[in-house]
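Naming convention: chains lettered A, B, ... in sequence-line order (proteins, then strands); numbering from 1 in each chain.
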Number of protein chains: 2
Amino acid sequence: MTADPVSTVFAALADPTRRAILARLAAGEATVNELAAPFPVSVQAISKHLNVLERAGLIVRTREAQWRRCRLEPAPLRTLAEWVDQYRKLWDDRYDTLDAYLDNLKGKDDEPAQ
Amino acid sequence: MTADPVSTVFAALADPTRRAILARLAAGEATVNELAAPFPVSVQAISKHLNVLERAGLIVRTREAQWRRCRLEPAPLRTLAEWVDQYRKLWDDRYDTLDAYLDNLKGKDDEPAQ
DNA sequence: CGTATATTCAACTCATCGGTTTATCAACCA
DNA sequence: TGGTTGATAAACCGATGAGTTGAATATACG
């Protein structure tokens, strides 16, 4: 209930169908039926997936006659990239300056070092 | 079940307690009790969280007398960073060369453009 | 108007999740 | 040996998730 935004985005991405929908939308806007076509599930199930993606802020839907055009909203992905970048120094050998690491840390959620 | 690795990692990170555990482990190894101390839940609950993180490959546990020392394993985070980087061009204005975008696309899961 | 199309809503099922409590296992210590 | 500590296992509970089917809503079209 009322989960934090980061958790909501991670949860939305923890489903291969939803990630495939995002991948499709990265190529351009699409309607619900167009998005549902490749999947072996009902259109209603896709509509639910779109609700999850919309609540996570990953897509926006606009009315257009009887269609609902879906568009990808990259802002949460940017937040995610920043979150994971907190840990980059742990795997990236080229990331060797402590200063840059501490800079990245400022004002972030779930700081690795408090 | 037997969810794909990417889904498993995303799901593991979709919980603030588990992300806080990772943040703590980024500062250094710790035992289960040490990890559980800051949280208002039982040690058993934390042990379950550690199972989830271990199955996602985000931590490894090593026996040491009666203690179980936990260490962060950054490899899945690196995979995650690569996944989200597929979408970087959508929000990053500096990411404006199509070639670099297509290069990043090769051999990745959930390609934005098939 | 009536009908077809696009989409969502509602109710239901089944599995999983995060938490609990209780019990068990393993290692140290007196 | 027995007791204490660290950690996991097992059984259970309430909530949520992903899917279904069936009905409702909204817009276009004849």
Legend entry - Pair A:R68, A:S47: side-chain N/O donor-acceptor within cut-off below 3.5 Å: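 Distance-only check fails for A:R68 and A:S47.
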What integer distance in Å separates [X]:[atom1] from [N]:[atom2]?
X	N	atom1	atom2	result
A:L35	C:dA6	CG	P	13 Å
A:I46	C:dC9	CD1	C1'	17 Å
A:K48	D:dG22	NZ	P	15 Å
A:F39	D:dA18	CZ	P	14 Å
B:L50	D:dT8	CG	P	7 Å
A:R69	C:dA6	CZ	C1'	12 Å
B:D15	D:dA15	CG	C1'	14 Å
B:N51	C:dT16	CG	P	16 Å

Inset, instruction - Establish whether B:V6 and A:W91 are linked, either directly or via other cluster members, by ILVMFWY side-chain heavy-atom contacts under 4.5 Å. - result: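 Yes; tracing contacts between hydrophobic side chains, which count when under 4.5 Å, links both residues.
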Legend entry - Single-linkage hydrophobic cluster, 4.5 Å side-chain cutoff, A:L80 and A:L90 together: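 The answer is yes; both residues are in one hydrophobic cluster.
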Would you please confirm or rule out a distance under 4.0 Å between OP1 or OP2 of [N] and any side-chain N or O of [X]?
X	N	answer
A:H49	D:dG19	yes
A:N33	C:dT5	no
A:S47	C:dT8	yes
A:S42	D:dG19	no

Inset, instruction - Can you check whether any acceptor in the base of D:dG6 is under 3.5 Å from a donor in the side chain of B:E34, or vice versa? - result: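 Not at all, since no donor on one side and acceptor on the other fall under 3.5 Å apart.
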Inset, instruction - Could you label the plane-to-plane angle of the A:F10 and A:W83 rings as parallel, tilted or perpendicular, counting under 30° as parallel and over 60° as perpendicular? - result: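 Correct class here is perpendicular.
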Inset, instruction - Salt-bridge test for B:R78 and B:E82: reply yes if a basic N is under 4.0 Å from a carboxylate O, no otherwise. - result: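 B:E82 and B:R78: salt-bridged.
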Legend entry - Nucleotide nearest A:R18 (side chain, heavy atoms from C-beta), chosen from D:dG19, D:dA18, D:dT8: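 Of the options given, the side chain of A:R18 lies nearest D:dA18.
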Legend entry - Those residues of residues 55-68 of chain B lying under 4.0 Å from DNA chain C by at least one heavy atom: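 Contacting residues: B:A65, B:Q66.
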Legend entry - B:V60 and B:R71, any side-chain heavy atoms less than 4.5 Å apart: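 Yes, at least one pair of side-chain atoms sits under 4.5 Å.
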Inset, instruction - Taking A:R61 for its side chain and A:R69 for its backbone only, find out whether a donor-acceptor pair lies under 3.5 Å. - result: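 No; judged by distance alone, with no hydrogens or angles, the pair does not exist.
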